[in-house]
Number of protein chains: 2
Amino acid sequence: MAVTMNDVARAAGVSLKTVSNVLNDYEFIRPATKQRVQDAIAELGYEANLTARSLRSGKTKMLGLVLSDLSAPYYAELASRLMKAASRRGYRVLVEQSDAVADVELNALQGPFRQLTDGLLFTPLMIDADAIAARSGGKPLVLLGEHILDSRFDLVTMKNEEAAAALTGHLLSGGRRRVAVIGAHPGESAGSAGLRLNGYRKALDQAGVPFDPALIAPCEWRRDNGAAAVAGLLDQGVEFDAVFGLNDVLALGALHGLLIRGVRVPQEVAVAGFDDIDEARFASPSLTTVSPGMEEIAERSIGLLIDRVEGRESSGGGVHVEAGFRLQVRESAP
Amino acid sequence: MAVTMNDVARAAGVSLKTVSNVLNDYEFIRPATKQRVQDAIAELGYEANLTARSLRSGKTKMLGLVLSDLSAPYYAELASRLMKAASRRGYRVLVEQSDAVADVELNALQGPFRQLTDGLLFTPLMIDADAIAARSGGKPLVLLGEHILDSRFDLVTMKNEEAAAALTGHLLSGGRRRVAVIGAHPGESAGSAGLRLNGYRKALDQAGVPFDPALIAPCEWRRDNGAAAVAGLLDQGVEFDAVFGLNDVLALGALHGLLIRGVRVPQEVAVAGFDDIDEARFASPSLTTVSPGMEEIAERSIGLLIDRVEGRESSGGGVHVEAGFRLQVRESAP
DNA sequence: GCTGGCGTCTGCAACGATGTATGGCAGGAA
DNA sequence: TTCCTGCCATACATCGTTGCAGACGCCAGC
């Protein structure tokens, strides 16, 4: 059997509760007593039973993270950073993959997963604000990403529109005039795809370059779709001198698709992405992209969530954080 | 407050324990009683309190996964698959990143992390078998990877040596004679690097090609090191007509490094990797590599661990599983 | 010398579930 | 009838911790 607080109490010649008080930094304990208890703890190798503590206190010191797929590089990096940020503050992160399935997202909000965690970081993809509001009980919830913009919820996001505009502006200032966009989600305005497309259009307007719907290729954000999309454009005879992949894996897929077809990058077509995943630096040619300040996103969202969990942040309305971004100009679009 | 079993019992007009019995599929319950209880559960929206259940039963239905860095593509994909495999069997996975720091690895074996989980999947990098044996308490433990080969422990691994030999054989049969190896770990024989290097040497021997130490570039398995290593070889004037990156990110880094220096792949130098991460298919040129049967690794290791946890597998000695592999021939080394 | 307050420590109950032991009530065997 | 056995349900203790209320001793103040 494991050593319990009772064993420690007996060994130190104090009551159970005094041991508990020592462990919880209760103020009024004589230094001598405290020392005796700590010695007993060390001697017996006592470790607090986290399950019992959770049952009693109602806190698990775990935070939930819901995202579609941990194997996507952007999410993998984000998860890694979030876990480190949480760890620094004494929390663990429990990850749930939704596979972008609505039912899974709903269950993560209220099922056993929620019960195991003190607060939730949630990337909603398939469900809307009302569904979230209806399901999410009293526990703290911070949304990640941009699919929901609702004053009821805390949200940590990036400057999608500005960053996309800056990136498009960079392409235009390099003399490109026909910038294809890959990965649009038609009809969506609040999601990353919609916002980034908005930024693209704004940059075109500002430069006086006409918008051509033929240049917009809709698809899901998967690597192979990037390659397929440029192949489609080439096959349809659509002329373009630059490609803006709405995220990096799309752009990298597009890069691959172009090179396969013998199109030179960046001489004939420039390619740019969004996210600045590790891989972007080491592609050939290396990928021009936007760095979304992931470290800031991780730090701020964990900070905000823990503040809520521990009752430090209690402003009623949803707090809205926008992390900064940085243009990473590399070989694919100098 | 949340609904408890007591509320359900009252609503159904039965005792607390009867509700518990219904939930745990106890055999002798009258169908009518069972129905009444289930109705009450549905009506009140009762959900079992997992923390209380854990405290009482001593099981958490969580498995621990210790790896160095979740943002490495190989680990991200592995973690994703492990989580799905666990989920199918009613378990969750709690991930701990060790950053390849010995202390963190040791603490994962015995600290609070261990307490939160019913069993552990562990990728040891910095600590040896004796350290593991000394720290790991009575709970089930399955090792992943190849740094430890000890009959005391269960181990799920891949056929590193055979696969590396097959890959090297492929390069040789394509007419290459000077195959550089990137990512060796000098002095290591049991780890992935050592085993893969062994396979390389065996394939050379079998083909009667002499081994040249000048072709072996030691470095840590990071993307940038791949590029740096080929640059180093080129600068030193070492001649080579193929590069074997001991994992894919090294190979991709090398690919990048070669292309930057104007070396044509595969015309002048062939490049091959190991792991078959998603990115390998979409590199330019696409990367020849070895697919290590990750799905099988995930399935077998989770299966083995849960068998241990639930007491189905109780053979004393360590079970040793080797997943199959497949050569993925692509453009970088046709 | 009594009261009041402060510092220090203690006992009891409770968190919400499950294991053990046991108690009824049938119905069949002795 | 009596005893036993099989089915169904219950009461109580228990897992290891923390919150609450209070007890105890000591000193200051009057």
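Note: hydrogens, waters and symmetry copies are ignored here, and every other heavy atom, side chains too, is used. Chain A is the first sequence line, chain B the second, and so forth, proteins listed ahead of strands; every chain is numbered from 1.
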Quiz prompt | Pair B/Ser80, A/Gln97: side-chain N/O donor-acceptor within cut-off below 3.5 Å | solution = yes
Practice problem: Nearest whole angstrom, please: distance from the P of D/dT17 to the CG of A/Leu50. | Solution: 9 Å
Exercise. Starting from the first five and the last five pairs of the helix from C/dG1-D/dC30 to C/dA30-D/dT1, work out the angle between the resulting helix axes, to 10 degrees.
Key: 70°
Quiz item: Which is it for A/Glu96 and B/Arg92 under the salt bridge (Lys or Arg N to Asp or Glu O under 4.0 Å) test, yes or no, and what are the steps along the way?
Solution: CA-CA 9 Å; A/Glu96 174 93 339; B/Arg92 290 174 198 288; 3.2 Å; yes
Practice problem: Could you tell me whether B/Lys139 and B/Asp118 make a salt bridge, using a distance below 4.0 angstrom between a side-chain N and a carboxylate O? | Solution: no
Quiz item: side chain to side chain contact (heavy atoms under 4.5 Å, CB included) with A/Val8: which of A/Asp39, A/Ile41, A/Val14?
Solution: A/Ile41
Quiz prompt | Residue-phosphate contact under 4.0 Å: B/Arg53 side-chain N/O, C/dT18 OP1/OP2 | solution = yes
Quiz item: Any salt bridge between A/Glu299 and A/Arg88, counting N to O under 4.0 Å?
Solution: yes
Practice problem: Calculate the interatomic distance between B/Asp25 atom CG and C/dT18 atom P; express it in whole Å. | Solution: 12 Å
Self-check item: d(CG, A/Asp7; P, D/dC15) in whole Å
Solution: 11 Å
Self-check item: B/Met5 CE - D/dA11 P separation (whole Å)
Solution: 13 Å
Self-check item: Contact list for DNA chain D against residues 111-120 of chain A - heavy-atom distance below 4.0 Å
Solution: none
Quiz item: Is it the case that B/Asp69 and B/Ser71 place a side-chain donor and acceptor less than 3.5 Å from each other?
Solution: yes
Self-check item: Salt-bridge contact B/Glu310-B/Arg312 (side-chain N to carboxylate O under 4.0 Å)
Solution: yes
Exercise. Check for a donor-acceptor pair, side chain of A/Asn24 on one end and backbone N or O of A/Tyr26 on the other, with a separation under 3.5 Å.
Key: no
Exercise. Check whether any side-chain nitrogen or oxygen of B/Asn24 sits under 4.0 Å from OP1 or OP2 of C/dT18, and answer yes or no.
Key: yes
Quiz prompt | A/Arg300/A/Asp154 under salt bridge (Lys or Arg N to Asp or Glu O under 4.0 Å): CA gap, chis, key distance, verdict | solution = CA-CA 11 Å; A/Arg300 299 288 296 273; A/Asp154 290 339; over 6 Å; no
Practice problem: Figure out the CG/P separation between B/Leu55 and D/dT18, and round it to whole Å. | Solution: 12 Å
Quiz item: Ignoring hydrogens and angles, does a donor from either the side chain of A/Arg56 or the base of D/dT17 sit under 3.5 Å from an acceptor on the other?
Solution: no
Practice problem: May I have the distance from B/Asn6 (atom CG) to C/dT18 (atom P), rounded to whole angstrom? | Solution: 13 Å
Quiz item: Hey, is the side chain of B/Ser20 poking within less than 4.0 Å of OP1 or OP2 on C/dT18, counting only N and O atoms?
Solution: yes
Below 3.5 Å between N/O atoms, which protein atoms pair up with nucleotides 8-10 of chain C? Just atom names and distances, please.
residue	atom	partner	partner atom	Å
C/dC9	OP1	A/Arg30	NE	3.3
C/dC9	OP1	A/Arg30	NH2	3.1
C/dC9	OP1	A/Thr33	OG1	2.3
C/dC9	OP2	A/Arg30	N	2.8
C/dT10	OP2	A/Ser15	N	2.9
C/dT10	OP2	A/Ser15	OG	3.1
C/dT10	OP2	A/Thr18	OG1	2.4

Self-check item: Short side-chain donor-acceptor distance under 3.5 Å, B/Ser15 and B/Thr18
Solution: yes
Quiz item: Is there a side-chain contact between A/Leu121 and A/Val66, using heavy atoms and a 4.5 Å cut-off?
Solution: no
